[in-house]
Participant: 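Here it is, the structure, as structure tokens.
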Amino acid sequence: MSKPLIEVKDLKVYFKQKSPKLLSFKPGILKAVDQVSFSIEKGKTFGLVGESGSGKSTIGKAILRYHKPTGGEIFYEGTEIGAMGEKELLPYRKKMQSVFQDPYSSLDPSHTVQDIICEPMAIHKMYTPKERKERAKELIRVVGLKEQDLLKYPHEFSGGQRQRIGIARAIVLGPKLMVCDEPVSALDVSVQAQVLNLLMDLQKEMGMAYIFISHDLSVIKHISDRIMVMYLGHVVELADKDDLYKRTMHPYTTALLSAIPVPDRKHKKEKIVLEGDLPSPANPPSGCVFHTRCYKAQEICKTQVPELRDCGNGHCCACHFPENQPE
């Protein structure tokens, strides 16, 4: 069996909190990601879902090494890159690219589209200046824009068009992994579908693997092969797409799925409303981190951390009382 493209083992990403000058409390440690493990196969889409503050984006940034891991290991095709220095990382940065949430702020307003697409090639010293321009012409057509758009500036485009420019910039180096951090959440619904279809077409053509980060479970279902559900820096459920939507096991996942709007009133399902606010990662609850909002929590949940265990067919759940278990 071939090695996975990305393998993450016991990843931790902690941040030191700064104490405000006017207050005297001792600064603590914010555990954004704690003991997270998973792998991503070549050419597949790995969905990351959860509320704001669950650690989704931090995982993506740690794999790209925008954040240095506090602990654990990150392997790219069997090579550990989590502890590498900047010089050693340079060849791997070319293989891993990202598409950001906000197409308005992720493009330099002072650069033309041609400059934006050519810049990564110049940084990695790929091709001659003339060849870079030819490559930019090729890619701008691939993402559905016109050659004459290369001489325009970002402010001359709509949100969907800007995101297409961001995608062209991300694929210009021929990456094997692309981290898509909420790439359609800032776009109109009609434009979202177009951008999602573009990403799926590019994946088939180029064989890239995606880490697709979203809070929208309907979008995640459309594009992902395998899905990991995060809560407060912890993995609560991990499964293949079809299995996850067919038989959710963790109460948090069940609550998230119940919130997806159903157009057919005849098949309207009961919505599960989670009580209370999301706790702070700087001061997480003891035991199961979800027990303060869980509708089926018991005494053991307050004291013992549930182990993420395989409940069959690679469907993993971290819950003392999982739902819909196979007989």
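Side-chain atoms are counted along with the backbone in the values below, which use heavy atoms only and exclude waters and symmetry mates.
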Participant: Does the side chain of Val172 reach to within under 4.5 Å of the side chain of Gln97, using non-hydrogen atoms?
Facilitator: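 When only atoms from C-beta onward are counted, Gln97 and Val172 do not touch, as no gap falls below 4.5 Å.
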Participant: Hey, does Ile223 have a side-chain heavy atom less than 4.5 Å from the side chain of Cys180?
Facilitator: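 Result no, sub-4.5 Å side-chain heavy-atom pair not found.
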Participant: Enter the distance from Met96:CE to Leu64:CG here, rounded to the nearest 0.5 Å.
Facilitator: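 Between atom CE of Met96 and atom CG of Leu64 there are 6.0 Å.
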Participant: Run Ile6 and Phe46 through side-chain contact (heavy atoms from CB on, under 4.5 Å) and show every step you take.
Facilitator: CA-CA 11 Å; Ile6 296 290; Phe46 189 81; over 6 Å; no
Participant: Any side-chain heavy atom of Cys316 within less than 4.5 Å of one from Val235?
Facilitator: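 A side-chain contact under 4.5 Å is absent here.
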Participant: In terms of heavy-atom contacts, does NZ of Lys44 have more than 12 from other residues, nucleotides or ligands at under 6.0 Å?
Facilitator: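 Not buried by this count: 12 neighbours or fewer within 6.0 Å.
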Participant: Does the side-chain contact (heavy atoms from CB on, under 4.5 Å) test come out yes or no for Leu202 and Met178, once each step is laid out?
Facilitator: CA-CA 11 Å; Leu202 289 172; Met178 194 143 78; 5.5 Å; no
Participant: Among pairs that include at least one residue of residues 185-233, which meet ring-ring contact (aromatic ring centres under 6.0 Å, His included), considering only residues two or more places apart or in two chains?
Facilitator: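 Residue pairs with at least one partner in residues 185-233: Tyr231-Tyr252, Tyr231-Phe290.
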Participant: Scan residues 80-89 for pairs that pass salt bridge (charged side-chain N to carboxylate O under 4.0 Å, His left out), counting only residues two or more places apart or in two chains.
Facilitator: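 Qualifying pairs: Glu86-Arg93.
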Participant: Could you tell me if the side chain of Pro4 sits less than 4.5 Å from the side chain of Ile40, heavy atoms only?
Facilitator: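 Contact flag for Ile40/Pro4 side chains = no.
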Participant: How many angstroms lie between CZ in Phe157 and CG in Leu145, if you round to the nearest 0.5 Å?
Facilitator: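 It is 6.5 Å, given to the nearest 0.5 Å.
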Participant: Please report the C-alpha distance between His315 and Glu237 in whole Å, then the side-chain angles of each, then the deciding distance to 0.1 Å, and finally whether the side-chain hydrogen bond (donor to acceptor under 3.5 Å, both in side chains) criterion is met.
Facilitator: CA-CA 8 Å; His315 193 145; Glu237 192 159 3; 2.5 Å; yes
Participant: Please identify each residue that fulfils side chain to side chain donor-acceptor pair (under 3.5 Å) with Ser158, with sequence neighbours left out.
Facilitator: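 Testing Ser158 for side chain to side chain donor-acceptor pair (under 3.5 Å), a comparison that skips the adjacent residues, returns Gln161.
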Participant: Could you check whether any side-chain heavy atom of Tyr245 comes within less than 4.5 Å of a side-chain heavy atom of Ile220, counting everything from C-beta outward?
Facilitator: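 Of all side-chain heavy-atom pairs linking Ile220 with Tyr245, at least one is under 4.5 Å.
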Participant: Tell me the salt bridge (charged side-chain N to carboxylate O under 4.0 Å, His left out) pairs involving residues 160-182, sequence neighbours left out?
Facilitator: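 Residue pairs with at least one partner in residues 160-182: Glu77-Lys176.
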Participant: Return yes when atom NZ of Lys12 has more than 12 non-hydrogen atoms of other residues, nucleotides or ligands closer than 6.0 Å, and no otherwise.
Facilitator: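 No.
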Participant: Could you measure the distance from the CD1 atom of Ile171 to the CD atom of Glu205? Nearest 0.5 Å is fine.
Facilitator: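 It is 7.5 Å, given to the nearest 0.5 Å.
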Participant: Taking atom CD of Gln163 and atom CG of Asp102, what is their separation to the nearest 0.5 Å?
Facilitator: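 Taking CD in Gln163 and CG in Asp102, the distance rounds to 8.5 Å.
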Participant: Filter on salt bridge (charged side-chain N to carboxylate O under 4.0 Å, His left out), then keep only pairs touching residues 105-127, sequence neighbours left out; what's left?
Facilitator: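 Residue pairs passing salt bridge (charged side-chain N to carboxylate O under 4.0 Å, His left out), neighbours aside: none found.
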Participant: Tell me which pairs pass salt bridge (charged side-chain N to carboxylate O under 4.0 Å, His left out) where either residue lies in residues 300-312, with sequence neighbours left out.
Facilitator: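 Qualifying pairs, neighbours excluded: Glu299-Lys302.
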Participant: Mind checking what makes side chain to side chain donor-acceptor pair (under 3.5 Å) contact with Ser214, not counting sequence neighbours?
Facilitator: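 Scan of Ser214 (side chain to side chain donor-acceptor pair (under 3.5 Å), adjacent residues dropped) gives none.
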Participant: With a cut-off of 6.0 Å (strictly less than), are more than 12 heavy atoms of other residues, nucleotides or ligands near NZ of Lys296?
Facilitator: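 Yes, because the 6.0 Å sphere around NZ of Lys296 holds more than 12 heavy atoms from other groups.
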Participant: Determine, stepwise, if the pair Leu151 / Thr112 fulfils side-chain contact (heavy atoms from CB on, under 4.5 Å).
Facilitator: CA-CA 6 Å; Leu151 300 180; Thr112 64; 5.5 Å; no
Participant: Would you find a donor on one side and an acceptor on the other, under 3.5 Å apart, between the side chain of Asn197 and the backbone of Gln194?
Facilitator: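 The answer is no, because no donor-acceptor pair under 3.5 Å joins these two groups.
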Participant: Could you tell me which residues satisfy side chain to side chain donor-acceptor pair (under 3.5 Å) with Asp216, sequence neighbours excluded, listed by chain and number?
Facilitator: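 Once residues adjacent in sequence are excluded, the partners of Asp216 under the side chain to side chain donor-acceptor pair (under 3.5 Å) criterion are Ser218.
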Participant: Report yes if some heavy atom in the side chain of Met126 is under 4.5 Å from a heavy atom in the side chain of Arg135; otherwise report no.
Facilitator: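 No. Closest side-chain heavy atoms not under 4.5 Å.
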Participant: Tell me who clusters with Ile300, hydrophobic residues only, linked when side chains sit under 4.5 Å apart either directly or through other members.
Facilitator: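 When side chains under 4.5 Å apart are linked, the cluster holding Ile300 also contains Phe321.
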Participant: Other members of the hydrophobic cluster containing Tyr295, with the 4.5 Å side-chain heavy-atom rule, please.
Facilitator: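 Traced through the cluster, Tyr295 reaches Ile272.
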Participant: Check side chain to side chain donor-acceptor pair (under 3.5 Å) between His124 and all other residues, then give those that pass, not counting sequence neighbours.
Facilitator: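 For His124 there are no side chain to side chain donor-acceptor pair (under 3.5 Å) partners, ignoring immediate neighbours.
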Participant: Could you check whether any side-chain heavy atom of Leu173 comes within less than 4.5 Å of a side-chain heavy atom of Met121, counting everything from C-beta outward?
Facilitator: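 In contact.
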Participant: What pairs of residues pass the side chain to side chain donor-acceptor pair (under 3.5 Å) test when at least one of them lies in residues 63-76, not counting sequence neighbours?
Facilitator: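 Only Tyr66-Ser98 qualify under side chain to side chain donor-acceptor pair (under 3.5 Å).
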Participant: Can you find a heavy atom in the side chain of Glu41 that is under 4.5 Å from one in the side chain of Leu5?
Facilitator: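 Heavy-atom side-chain distance check fails, nothing below 4.5 Å.
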